[in-house]
Amino acid sequence: YRLGDLELDALAPELWRREAPVAVHRLPLRLLVHLVRHRDRFVDKQELAEVIWAGVAVSESARSSALRDLRRALGPAGAGWIETRRGRGHRYVGPAEELTPGAGPPAIEPSGDEPFVGRADVVASVDAALARAKAGTGALVLLAGEAGIGKTRFATWIARRGEALG
């Protein structure tokens with residue numbers, strides 16, 4: 001979706017402004033996707049709890065916090081795009097143009113030339129897992145960690161390394 005100067009990839013989900021990713025947490029982003037998809041109506045608290053929080057009981061402050069974070073991510077112009085009406089719920093009222101899949105900002109491709117500093121043990125584990133996979137015994141690699149530490153870059157490296165090894 002094109003939302004003013006923003007682009008929302010509802011499948012990823014990711015939010016972009018002028019080809020740069022917008023920092024927003026997962027739950028506010030899921031909230032935006034749901035509100036944009038259902039912009040023809042108000043979405044009540046019960047529906048949000050079922051869809052965004054997967055039926056987990058959440059406090060009013062958690063919903064308010066997600067909405068606040070979402071409005072901040074939308075920026076000054078987009079902060080008014082989320083209408084809240086007491087007793088009815090929330091509705092997206094900003095601009096929304098559906099885009100064709102793949103028409104969003106280009107993916108940021110790491111070059112792979114930069115070294116993984118201090119990750120020799122992790123690289124060795126992945127190499128061993130790739131070797132087991134190539135031998136047909138299979139392997140599972142789980143990448144976890146805080147935002148911004150390079151998980152996507154490392155996953156891309158793993159995929160390229162696997163392709164190179166055949």
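We number each residue from 1, following the sequence as shown.
At a threshold of 4.5 Å between non-hydrogen side-chain atoms, the residues Arg37 and Val33 count as touching. In this structure the side chain of His90 reaches within 4.5 angstrom of the side chain of Leu48, judged on heavy atoms. Counting heavy atoms from C-beta on, the side chains of Tyr92 and His38 never come closer than 4.5 Å. When side chains are defined from C-beta on, Tyr1 does not count as touching Leu99, because their heavy atoms never get closer than 4.5 Å. A heavy-atom distance below 4.5 Å is found between the side chains of Leu31 and Leu35. The shortest side-chain heavy-atom distance between Arg2 and Trp16 does not fall under the 4.5 Å cut-off.
Between Glu7 and Arg17 there is no salt bridge, since no side-chain nitrogen of the basic residue lies less than 4.0 Å from a carboxylate oxygen of the acidic one.
Residues Phe42 and Val36 are members of separate hydrophobic clusters, defined by side-chain heavy-atom contacts under 4.5 angstrom among Ile, Leu, Val, Met, Phe, Trp and Tyr. Note: the hydrophobic cluster containing Leu143 also contains Leu130 (ILVMFWY, side chain heavy atoms under 4.5 Å, direct or indirect links).
Looking only at distances, a side-chain donor or acceptor of Ser64 sits under 3.5 Å from a matching main-chain atom of Glu60. Arg18 places no side-chain N or O within donor-acceptor distance of the main-chain N or O of Leu6, the cut-off being under 3.5 Å.
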For residues 71-83, please give each side-chain donor-acceptor pair under 3.5 Å, one per line with the distance, not counting sequence neighbours.
{"residue": "Arg71", "atom": "NH2", "partner": "Ile82", "partner atom": "O", "Å": "2.9"}
{"residue": "Arg71", "atom": "NH2", "partner": "Thr84", "partner atom": "OG1", "Å": "3.0"}
{"residue": "Trp81", "atom": "NE1", "partner": "Ala77", "partner atom": "O", "Å": "3.4"}
{"residue": "Glu83", "atom": "OE1", "partner": "Arg91", "partner atom": "NE", "Å": "3.4"}
{"residue": "Glu83", "atom": "OE1", "partner": "Arg91", "partner atom": "NH2", "Å": "2.8"}
{"residue": "Glu83", "atom": "OE2", "partner": "Arg85", "partner atom": "NH2", "Å": "2.7"}

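Nearest heavy-atom pair, Gly4 versus Pro95, reported as atom, atom and distance to 0.1 Å: N-CG, 3.5 Å.
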What's the verdict on side chain to side chain contact (heavy atoms under 4.5 Å, CB included) for Trp53 and Arg30, showing C-alpha distance, side-chain angles and the deciding distance?
CA-CA 9 Å; Trp53 285 274; Arg30 289 176 60 193; over 6 Å; no
List the steps and the verdict of side chain to side chain donor-acceptor pair (under 3.5 Å) for Glu47 and His34.
CA-CA 10 Å; Glu47 182 177 339; His34 193 72; 2.7 Å; yes
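The CG atom of Asp44 sits 8.0 Å away from the CD atom of Glu50 when rounded to the nearest 0.5 Å. Between Leu32 atom CG and Asp69 atom CG the span is 12.5 Å, to the nearest 0.5 Å.
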